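These notes concern the structure reproduced below.
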Amino acid sequence: MTVSSPVSFTHTVTERFLRYVVIDTQSDPASPTCPSTEKQKDLGRLLARELQAMGLSDAHLDEHGYVYATIPSNSAKHVPVICFCSHMDTSPDCAGANVKPQIVRDYRGGDIVLPADPSQIIRFVDHPALADQTGNDIITTDGTTLLGADNKAGIAEIMDAAQFLLAHPEIKHGAIKILFTPDEEIGRGVDKVDLKKLGADFAYTIDGETAGNIEDETFSADGVTIAIEGVSTHPGFAKGKMEHAIKIAAAIVDRLPKDTCSPETTEGRQGFLHPIGISGTLETATLGLIVRDFTDAGLQEKEVLLENIVKAVMRDFPRSTYRMEIKQQYRNMKQVIDRHPQIIDNAMEAIRRAGLTPAKTSIRGGTDGSRLSFMGLPCPNIFAGEHAFHSRLEWVSVQDMEKAVQTIVHLAMVWEERA
Ligand SMILES: [Zn+2]
């Protein structure tokens with residue numbers, strides 16, 4: 001198979017997608033188990049069975065709810081082993097049981113009113129990505145649940161690409177690993193992944209938004225805890241003595257930058273300081289914040305700014321004290337991915353061969369890929385076509401999912417060609 005010979009693709013990804021989204025796989029942050037909800041294994045078992053049926057004899061669901069499978073190499077070359085990864089769980093932020101998908105065929109622009117709850121409207125003005133969907137078939141819910149395109153679109157695309165590669169042995173590729181994870185939405189998606197068993201050199205999560213996008217950057221993230229000790233006295237005899245820990249914490253929050261440096265005032269590559277918890281009594285209070293930026297220097301700058309605010313507030317409370325603790329949460333995966341430029345180069349080429357214009361973007365958040373990258377498996381994120389995720393307005397188009405399947409297949413081919 002050469003660059004110029006076109007591959008004729010099938011149209012089976014939608015059927016798969018519709019089969020997966022009706023299985024409730026909502027994860028639960030309050031659960032201590034892995035997977036956090038046993039029902040995620042319902043989808044895991046189905047996927048393992050379907051992969052087995054395709055002839056992938058090592059496909060299995062493990063005790064922690066992870067699905068692993070290998071498409072064996074059919075190339076004589078020594079091709080790096082690449083992995084395609086998606087998550088099986090859906091967000092706990094929105095109802096995920098009894099998903100009833102509908103397909104709006106040949107979309108002609110305008111708003112999409114969801115049938116079971118007409119107050120739920122995917123408005124054209126609020127969803128600029130709809131402008132690229134004219135003539136496409138758009139899948140939504142009935143308006144009572146999320147759809148789960150995040151990330152079952154990615155799962156369906158990987159499954160469909162696997163089936164396609166197995167049906168077309170004339171397409172040469174190296175060994176390809178498939179990994180489906182539980183609990184990504186609650187930040188535990190790679191807690192129990194066995195990278196040795198997986199045995200991949202490079203990976204791609206298929207969990208991005210707009211067709212053509214590839215994301216090789218995430219936020220870098222720290223968590224900050226500020227423990228305040230005030231001065232307690234009986235409130236009836238407190239004049240000139242009491243230093244109230246709750247009021248100190250409130251004063252710190254009040255002095256955080258208001259027009260910059262907060263989630264509600266930033267976008268693109270700007271970072272922020274963001275309070276996430278406050279608790280206290282007269283004597284002690286604890287303030288929790290998260291810090292986000294794309295660079296380590298940007299994180300540090302914000303942490304210095306925060307400590308200067310704390311110090312300035314504490315000057316008004318001379319007998320009170322504070323302790324500030326900074327914990328690293330995750331780092332921008334670009335630091336790792338940049339050491340292996342072929343990961344992005346090959347993905348851009350595959351996206352082009354799928355007939356799209358590749359666009360490199362960054363994620364204002366973390367992904368399983370950012371953690372995998374620092375665990376030794378460099379892993380950018382490729383589009384799956386999912387939009388308005390974690391909401392009842394979630395949608396994906398059939399045509400974008402088909403482009404994602406094509407991108408995965410071409411990516412396997414590009415790695416083989418360039419090996
Ligand atoms: Zn996702």
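Whatever order the structure lists ligands and atoms in, that order sets their numbers, starting from 1. It should be emphasised that the depicted structure is a prediction, and the values quoted were computed from it without experimental measurement. Residues take their numbers from the sequence shown, with the count starting at 1.
- Not counting sequence neighbours, Y66 has no partner by the ring-ring contact (aromatic ring centres under 6.0 Å, His included) test.
- Taking the six-membered ring for Trp and the full ring otherwise, Y330 and F374 have centroids separated by 6.0 Å or more.
- Taking distances strictly below 2.8 Å, the protein N/O/S atoms close to the Zn ion (ligand 1) are H87 NE2, D150 OD1, D207 OD1, D207 OD2.
- The side-chain contact (heavy atoms from CB on, under 4.5 Å) test applied to T286 returns T225, S279, not counting sequence neighbours.
- Side-chain atoms of D28 and T37 form no donor-acceptor pair, as typed in the model, at a separation below 3.5 Å.
- For Y68, the ring-ring contact (aromatic ring centres under 6.0 Å, His included) partners at least two apart in sequence or on another chain are H60.
- Between the side chains of T25 and K152, at least one donor N or O sits under 3.5 Å from an acceptor N or O.
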